[in-house]
Amino acid sequence: MKIVIVTQDVGPGNSLRIIGEKLKSLGHNVEMFLGMGKPLPDGNLDKVSVALIGADRLLMSVSSATNRVLEERHAFTEAKRLGVPVAVFSDIYGMYHRPWFTDLMTKTDILFVTDEQEVETARRYVNATTRIIPSGNPYWTEFFKATVSRKEVRSKLGIKPDEKMVLAVGNKELERNVALYTDLVMTGRELEKIHMVLTMHPGADHGKDVYDGILKWASCPVQFAGRETGLSSQEMLTGSDLVVAAGGSSVGIMAACLRKPVIDLVHPIDQLFWEELSGLDFWPPTRFGASQLVKEPVDLELAMRLLLKPDSEVLRRMFRAQEANFSASKFENAVEKIVAGLIG
C-alpha cells in the first residue's frame, strides 16, 4: 500500500515516525511530511498533493495550535478530493475536539484514540461510519526509559543531596505560566529544602526574563532549565522528586510512566484552555488518580508536603494508579494495532 503521513506538532510527529518506519519495514510505500513543531518547507503543500495521487491512505494528526494546521488541513481536503481514505491519530486525550479541525473530523474514516475510555467520547465528533480504534500511543513506550541517572541529572542542575527537586512544566502561553510559577514560588516559601526547576515550553514565543518579577520573591533556589543543560524534559524527570504541571501536558504522562508524583495545578485559565482544546472538563490522569488535581493555590502546600513524603499513603495510592493506567505493557502493542487498523 501507498501511505502518506502528515503532521506538524512534535508529539504526534514522534509517534507517526514510529508508525511510518514500521510500515516501511513491512514493505509499504510510505511518504512522511513531519514538521516536528516547525512549518513545512515552502513547496511542501504541492509535494503533499502529489504524494496523495494514487495513495491508499492518509495518516495524520492534528496540531495543538492554529498556526500549525495549514498543512494538515490541506492534506485532509486533498485526500478527500482524491478519494483517499483518511485516518487520524489522536496522540493525546481529546485531540479529536480541536476547534480548528472539528469541521473535518466528521469526514474521518478511521480514528485512533488513546484507550477504550475515549471511544464513547470521540464518537460525538466523527460520523456514524468512522471506525474508532483504541490503539494507544506507541511513543508512550519511550516514556518508561530512563536514559540518564538521577545522580547525573541532579549534578548537572546543581541540586544538593538533601534538596527535593520540584520540576515545573511550563506551557506555551505566558498567562498560564505566570499563574503556575507565581503559586509555586509563593508556596516554596513555606517549604524546606526545596529546589525548583522551571522549564519553558519549546513552543513558547517569549523568553524567561519576563518572569523575573516573580522569581525575585523566591526564598528557595529556583532556576530555569532548558536545552543549555544538555537535558531533555524526560531526562530532567529522572532527577526530580515531584512534578507540577497545569493539566494537558505530555510531560505529566511521562512522569506517571516513570512513577514520579505529579500535581496538576489547574487555574481557571488552564481549565478554559483545556476545555477548548479537548472538549473535556477534566484532565484524565487526575481522574485516574495518577496525578493530584489542585485547583486552589491554598491547597498546593499540603499536596506538595504529602507527595514529598516517601511514606505517605497519598503517594503510595498515586503510584498504584500510575501502575494501573500507565504500564509499559498497556502500550507495547500500539504500533501493531495502528498498522492493522490502517491496512486492514
Side-chain angles (χ1 to χ4, degrees), residues 1-92 95-96 98 100-101 103-114 126-127 129-133 135-142 202-203 250 331 333-344:
M1 294 181 73
K2 180 181 179 182
I3 300 166
V4 178
I5 298 177
V6 179
T7 195
Q8 276 288 87
D9 263 358
V10 175
N14 287 325
S15 304
L16 293 182
R17 178 176 283 127
I18 293 172
I19 299 163
E21 294 302 326
K22 180 66 173 181
L23 288 164
K24 286 181 181 179
S25 73
L26 296 173
H28 297 284
N29 178 9
V30 179
E31 289 194 55
M32 290 191 277
F33 299 87
L34 307 177
M36 302 308 289
K38 299 177 181 178
L40 293 171
D42 290 344
N44 266 28
L45 289 182
D46 291 336
K47 291 180 181 178
V48 169
S49 297
V50 171
L52 285 168
I53 296 173
D56 298 290
R57 297 285 189 278
L58 166 66
L59 174 62
M60 58 167 295
S61 192
V62 181
S63 291
S64 59
T66 55
N67 61 352
R68 289 198 295 274
V69 295
L70 174 63
E71 290 86 353
E72 295 162 354
R73 290 187 63 87
H74 174 80
F76 193 109
T77 54
E78 276 293 282
K80 283 299 176 181
R81 184 180 69 81
L82 294 168
V84 178
V86 177
V88 174
F89 168 73
S90 182
D91 71 304
I92 200 164
M95 186 228 69
Y96 38 78
R98 289 178 178 167
W100 40 88
F101 220 86
D103 59 323
L104 297 181
M105 284 301 301
T106 57
K107 303 171 186 176
T108 301
D109 298 287
I110 305 169
L111 175 63
F112 298 103
V113 295
T114 56
V126 295
N127 63 66
T129 61
T130 301
R131 281 195 295 142
I132 303 178
I133 300 172
S135 61
N137 186 336
Y139 189 63
W140 287 4
T141 59
E142 299 295 315
S250 61
F331 308 119
N333 296 320
V335 68
E336 287 77 12
K337 292 178 183 177
I338 292 169
V339 168
L342 195 63
I343 67 178

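The ring-ring contact (aromatic ring centres under 6.0 Å, His included) analysis of residues 57-88, with sequence neighbours excluded, yields the pairs F76-F101.
Between the side chain of D9 and the backbone N or O of G11, no donor-acceptor pair lies under 3.5 Å. Judged purely by atom type and a 3.5 angstrom limit, E72 uses its side chain to pair as donor or acceptor with the backbone of Q8. Without hydrogens or angle criteria, K2 side chain to A51 main chain gives a donor-acceptor distance under 3.5 Å. With T108 contributing its side chain and I110 its backbone, the two residues share no donor-acceptor pair below 3.5 Å. Remark: the backbone N or O of V69 is not paired with any side-chain donor or acceptor of S63 at under 3.5 angstrom. Distance alone, capped at 3.5 Å, is enough to place a donor-acceptor pair between the S61 side chain and the F89 backbone. With R131 contributing its side chain and G341 its backbone, the two residues share a donor-acceptor pair below 3.5 Å. Within the 3.5 Å criterion, the main-chain N or O of T106 finds a donor-acceptor partner in the side chain of N127. Using a distance-only test at 3.5 Å, with no hydrogens or angles considered, no donor-acceptor pair links the side chain of E78 to the main chain of L52.
Minimum interatomic distance between W140 and D91 (heavy atoms only, all atoms of both residues): CZ2-O, 3.5 Å. A pairwise comparison of heavy atoms in L58 and A79 identifies CD2-CB, 3.8 Å as the closest pair. Summarising the geometry of W100 relative to D103, their closest heavy-atom pair is O-OD1, 4.3 Å, with the distance given to 0.1 Å.
Residue K22 qualifies as open at atom NZ: its count of foreign heavy atoms under 6.0 Å is 12 or below. Around the NZ atom of K107, the shell of radius 6.0 Å holds no more than 12 heavy atoms that belong to other residues, nucleotides or ligands.
Using a 4.5 Å heavy-atom cutoff, the side chains of T7 and M60 are not in contact. Considering only heavy atoms from C-beta on, D56 stays 4.5 Å or farther from I343 through its side chain. Side-chain contact check for M32 versus E21: some heavy-atom pair is nearer than 4.5 Å.
V126 is linked by a side chain to side chain contact (heavy atoms under 4.5 Å, CB included) to M105, L111, R123, T130, I132, counting only residues two or more places apart in sequence or in another chain.
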